[in-house]
**Q** 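Have a look at this one.
Position 1 is the first residue of the sequence, and the numbers go up from there.
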Amino acid sequence: MTYHPKSEFLNVMMQRGFVADCTDYQGLDEALQKGGAPGYIGFDATAKSLHVGSLIQIMMLRWLQKTGNKPIVLMGGGTTKVGDPSFRADERPLLGPDQIDDNISGIKRAFSSYVNFGDGPTDALMLNNAEWLDGLNYLDFLRDIGRHFSVNRMLSFESVKSRLDREQSLSFLEFNYMILQAYDFLELHRRYGCILQMGGSDQWGNIVNGIDLTRRVIDGHIFGLTSPLLTTSDGKKMGKSHNGAVWLNGDMVSPYEFWQFWRNTTDADVGRFLKLYTELPIDECDRLGALQGAEINDAKIILANEVTTLLHGKDAAHAAEATAREVFERGGVGDDLPQLVLSTAELADGISVVQLFVRAGLVKSGKEAKRLIAEDGARMDDAPVTDAGLILDAAAFGAPIKLSAGKKRHALVSVAG
């Protein structure tokens, strides 16, 4: 559908590539033109940090606030106890209340970099759906809410259907997830006047359920907007690096590693990522994304600097770029590389070079380290590592050792005291 919105928020979303689908473009557009519209995205607390795969949703909340509306960050303290089955092959491991609360505390840290929280009309709110889910009376909930859901219709949603088509088990616990998420939207509309739920396109069925439930229970008129499920141009899931998830919290992935993830963007993705993950003007994103040859590397540095500045601040972005230049252009070690600090006790019997690469996070396993060495991809202080059986003792660490896996991934190893 080609729709030309009048509201600033919807215009930004469509121009920058955030929109996969909308339940009612015109209705949402008219509601947004009034200003101050509350909209939310839910985040389940399954880890202590969100990762880059959630950044597209975080940027949607940021733009919602920047265009004069009110973002609501809904933490799934209640729904995390159930687990979202959407497009998963198996059931999520269930977490206890203490672990969920700990995860929520960790996740909160990244959000203050993107939205401003407070009590003003466009200030962001952070809420926890345990507030209304934990105290539900099961029989009352079945009678008042459950009766509005058709099992036939729930079975038709792609997120459920895909599991059943593969003959994979879908527990009754998980099946209830979509009812709870629908109830979240109803409660947010009741309590905060929330008119919009956003999420990835895999959440379409859950969002539509919430809209339908709210219409049936209180005749509320609300909307849904989904973003594309993002993969890189080479088909990889967004948010994953060689070593796993690229977390937003700096104590889990350092600002340098975060910067380096964006610097390593493939050429074909640069323009698209600039539009989604930075606030540079669209014309500039298009210009940078169209650069060819060596010039596209300059665009990647701009991308890395802009995205890192939003999350970690300008100083961290500049430090990461300086470290990258030191490492790549001048062959130095850089001050901001990921570091592994060993104790002297760990070196009493020496440590294998294979274990060093694993401990430094440059590979996932000893097998992968041995393959890296065999393929001439391992370096120690820029010299090739040729012997996978090499053992290093304390004397080898008179100065920090720089480990390199290929040309782009590096770490420093030193000994404490």
**Q** Can R62 and E279 be counted as an ion pair, charged N to O under 4.0 angstrom?
**A**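 Judged by the 4.0 Å cut-off on N to carboxylate O distance, R62 and E279 do form a salt bridge.
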**Q** Are any non-hydrogen side-chain atoms of L196 and F9 less than 4.5 angstrom apart?
**A**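 SC-SC contact between L196 and F9 confirmed.
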**Q** Please name the pair of heavy atoms, one in I373 and one in A378, separated by the smallest distance, quoted to 0.1 Å.
**A**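 Shortest heavy-atom separation between I373 and A378 comes out as CG1-CB, 3.7 Å.
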**Q** Would a distance-only check, ignoring hydrogens and angles, find a side-chain to backbone donor-acceptor pair under 3.5 Å from Q292 to A290?
**A**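 Judged by distance alone, yes, a pair lies under 3.5 Å.
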**Q** Starting from the C-alpha separation in whole Å, work towards a yes-or-no answer on side-chain hydrogen bond (donor to acceptor under 3.5 Å, both in side chains) for S254 and E257.
**A** CA-CA 5 Å; S254 72; E257 293 171 290; 3.1 Å; yes
**Q** Kindly give the heavy-atom pair with the smallest separation between N128 and G78, and that separation in Å.
**A**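 That would be OD1-N, 4.0 Å.
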**Q** With a 3.5 Å cut-off and no angle check, do the side chains of N129 and D184 form a donor-acceptor pair?
**A**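 D184 and N129 do have a side-chain donor-acceptor pair below 3.5 Å.
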**Q** Counting only N and O atoms by type, is there a donor-acceptor contact under 3.5 Å from the side chain of S113 to the main-chain atoms of L311?
**A**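 Yes; at least one donor-acceptor contact below 3.5 Å.
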**Q** Show every ring pair (Phe, Tyr, Trp, His ring centres under 6.0 Å) that has at least one partner inside residues 274-295, sequence neighbours left out.
**A**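 Every pair satisfying ring pair (Phe, Tyr, Trp, His ring centres under 6.0 Å) with a residue in residues 274-295: W262-Y277, F273-Y277.
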**Q** Roughly how far apart are Q26 CD and E30 CD, rounded to 0.5 Å?
**A**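 Spacing of CD (Q26) from CD (E30) equals 4.5 Å.
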**Q** Measuring from L276:CG to C285:SG, what's the distance to the nearest 0.5 Å?
**A**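 One gets 9.0 Å once the value is rounded to the nearest 0.5 Å.
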**Q** Any chance the side chains of N206 and Q203 put a donor and an acceptor closer than 3.5 Å?
**A**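 There is such a pair between these side chains.
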**Q** Does the side chain of S227 come under 3.5 Å of the side chain of Q57 through a donor N or O and an acceptor N or O?
**A**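 A donor-acceptor contact under 3.5 Å links the two side chains.
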**Q** Under a 3.5 Å cutoff, is there a donor and acceptor pairing between the side chains of E8 and Q33?
**A**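 Checked: E8/Q33 side chains show no N/O donor-acceptor pair below 3.5 Å.
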**Q** Give the minimum heavy-atom separation between G118 and L125, together with the two atoms involved.
**A**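 Shortest heavy-atom contact: O-CD2, 4.1 Å.
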**Q** Quick one: which residue pairs count as a ring pair (Phe, Tyr, Trp, His ring centres under 6.0 Å) with a foot in residues 199-230, not counting sequence neighbours?
**A**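 Of all non-adjacent pairs touching residues 199-230, those that pass ring pair (Phe, Tyr, Trp, His ring centres under 6.0 Å) are H221-F223.
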**Q** Run the side-chain contact (heavy atoms from CB on, under 4.5 Å) test on K364 and V358 for me, step by step, so that the C-alpha distance in whole Å, both residues' side-chain angles and the decisive distance to 0.1 Å come before the verdict.
**A** CA-CA 6 Å; K364 293 181 180 179; V358 175; over 6 Å; no
**Q** Is K48 salt-bridged to D102, going by a charged N under 4.0 Å from an acidic O?
**A**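 Looking at K48 and D102, the cut-off is met.
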**Q** Are V73 and L61 close enough that some pair of their side-chain heavy atoms sits under 4.5 Å apart?
**A**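 Result yes, sub-4.5 Å side-chain heavy-atom pair found.
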**Q** Are the side chain of Q65 and the backbone of T122 linked by a donor-acceptor contact shorter than 3.5 Å?
**A**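 It does hold such a pair.
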**Q** Pairs under 3.5 angstrom only: tabulate donor-acceptor contacts from the side chains of residues 15-23 to other protein residues two or more places apart or in another chain.
**A**
| from | atom 1 | to | atom 2 | distance (Å) |
| --- | --- | --- | --- | --- |
| R16 | NE | K275 | O | 2.6 |
| R16 | NH1 | L280 | O | 3.1 |
| R16 | NH2 | K275 | O | 3.3 |
| R16 | NH2 | T278 | O | 2.9 |
| R16 | NH2 | L280 | O | 2.8 |
| T23 | OG1 | G224 | N | 2.9 |

**Q** Any side-chain heavy atom of M380 within less than 4.5 Å of one from K402?
**A**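 When only atoms from C-beta onward are counted, K402 and M380 do not touch, as no gap falls below 4.5 Å.
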**Q** Does a side-chain heavy-atom distance below 4.5 Å link L248 with I58?
**A**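 In short, these two side chains touch, coming nearer than 4.5 Å.
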**Q** Got I207 and I211 here, is their nearest side-chain heavy-atom distance under 4.5 Å?
**A**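 Sidechains of I211 and I207: in contact.
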**Q** Is K314 close to N305 at the side-chain level, that is, under 4.5 Å between some pair of heavy atoms?
**A**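 A side-chain contact is absent here, since even the closest heavy-atom pair is not under 4.5 Å.
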**Q** Any side-chain heavy atom of L225 sitting closer than 4.5 Å to one from M13?
**A**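 A side-chain contact exists here, since the closest heavy-atom pair is under 4.5 Å.
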**Q** Which residues satisfy the ring-ring contact (aromatic ring centres under 6.0 Å, His included) test with F141, sequence neighbours excluded?
**A**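 With sequence neighbours excluded, F141 shows a ring-ring contact (aromatic ring centres under 6.0 Å, His included) to Y183, given in chain and number order.
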**Q** Please report the C-alpha distance between M75 and I107 in whole Å, then the side-chain angles of each, then the deciding distance to 0.1 Å, and finally whether the side-chain contact (heavy atoms from CB on, under 4.5 Å) criterion is met.
**A** CA-CA 9 Å; M75 301 307 305; I107 289 169; 3.6 Å; yes
**Q** Which value, rounded to the nearest 0.5 Å, describes the distance between D29 atom CG and M14 atom CE?
**A**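 D29 CG to M14 CE: 9.0 Å, rounded to 0.5 Å.
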**Q** Any sub-3.5 Å donor-acceptor pair from R190's side-chain atoms to L186's backbone N or O?
**A**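 Side chain of R190 to backbone of L186, a donor-acceptor pair under 3.5 Å: no, none is there.
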**Q** Measure from the side-chain N and O atoms of K70 to the backbone N and O of G36, and report whether any donor-acceptor pair falls under 3.5 Å.
**A**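 No, because the side chain of K70 does not come within donor-acceptor range (under 3.5 Å) of the backbone of G36.
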**Q** How far does CZ of F43 sit from OG1 of T79, to the nearest 0.5 angstrom?
**A**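 Answer for the CZ-OG1 pair, F43 versus T79, is 12.0 Å.
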**Q** What distance do I72 atom CD1 and L64 atom CG have between them, rounded to the nearest 0.5 Å?
**A**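 If we round to the nearest 0.5 Å, I72:CD1 and L64:CG are 9.0 Å apart.
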**Q** Within the 4.5 Å heavy-atom criterion, are T67 and L10 side-chain neighbours or not?
**A**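 Not in contact.
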**Q** Minimum heavy-atom separation for R379 to V385, with atom names?
**A**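 R379 and V385 have their closest heavy atoms at C-CG2, 3.9 Å.
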**Q** Could you tell me the separation between the CG atom of L139 and the CG atom of D144, rounded to the nearest 0.5 Å?
**A**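 Rounded to the nearest 0.5 Å, the CG-CG separation comes out at 10.5 Å.
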**Q** Within the distance-only criterion (no hydrogens, no angle test), does the side chain of T80 pair as donor or acceptor with the backbone N or O of D44 below 3.5 angstrom?
**A**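 Not confirmed, T80 side chain does not pair with D44 backbone.
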**Q** Tell me yes or no: between the side chains of N209 and Q181, is some donor less than 3.5 Å from an acceptor?
**A**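 Absent: no donor and acceptor within the cut-off.
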**Q** I'd like to know if the side chain of E375 reaches the main chain of L372, judged simply by a donor and an acceptor atom lying under 3.5 Å from each other, with no hydrogens or angles considered.
**A**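 No, because the side chain of E375 does not come within donor-acceptor range (under 3.5 Å) of the backbone of L372.
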**Q** Does Y40 have any ring-ring contact (aromatic ring centres under 6.0 Å, His included) partners at least two apart in sequence or in another chain, and if so, which?
**A**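 For Y40 the ring-ring contact (aromatic ring centres under 6.0 Å, His included) partners, ignoring immediate neighbours, are F185.
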**Q** Checking side-chain contact (heavy atoms from CB on, under 4.5 Å) for the pair L188/L74: CA distance, chi angles, key distance, verdict?
**A** CA-CA 9 Å; L188 287 171; L74 182 65; 4.0 Å; yes
**Q** Quick one: are the ring centres of F261 and Y256 less than 6.0 Å apart?
**A**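 Centroid separation for F261 and Y256: 6.0 Å or greater.
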**Q** Output a table of donor-acceptor pairs, distance under 3.5 Å, between side-chain atoms of residues 213-220 and any protein atom two or more places apart or on a different chain; print 'none' if there are none.
**A**
| from | atom 1 | to | atom 2 | distance (Å) |
| --- | --- | --- | --- | --- |
| T214 | OG1 | G210 | O | 2.8 |
| R215 | NH2 | D212 | OD1 | 2.6 |
| R216 | NE | D212 | OD2 | 2.9 |

**Q** Taking S54 for the side chain and L50 for the main chain, is one N or O donor matched with an acceptor at less than 3.5 Å?
**A**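 Absent.
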**Q** Looking at every heavy atom in both A130 and G77, which two are closest together, and how far apart are they?
**A**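 Taking A130 first and G77 second, the nearest heavy atoms are CB-C, 4.0 Å.
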**Q** Is N249 reaching over with its side chain to a backbone N or O of M252, donor-acceptor style, under 3.5 angstrom?
**A**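 Checked: no pair found.
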**Q** Do NZ/NE/NH1/NH2 and the carboxylate oxygens of R191 and E187 come within less than 4.0 Å?
**A**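 Salt bridge flag = yes for E187 with R191.
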**Q** Do we see a donor-acceptor contact under 3.5 Å between the side chains of W63 and N69?
**A**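 Per modelled atom types, W63 and N69 side chains form no pair under 3.5 Å.
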**Q** At their closest point, which heavy atom of V354 faces which heavy atom of G366, and how far apart are they?
**A**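 It is CG1-CA, 3.6 Å.
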**Q** Kindly say whether T266 contributes a backbone atom to a donor-acceptor pair with the side chain of K300 at under 3.5 angstrom?
**A**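 Not at all, since once roles are kept as given, no pair shorter than 3.5 Å links the two residues.
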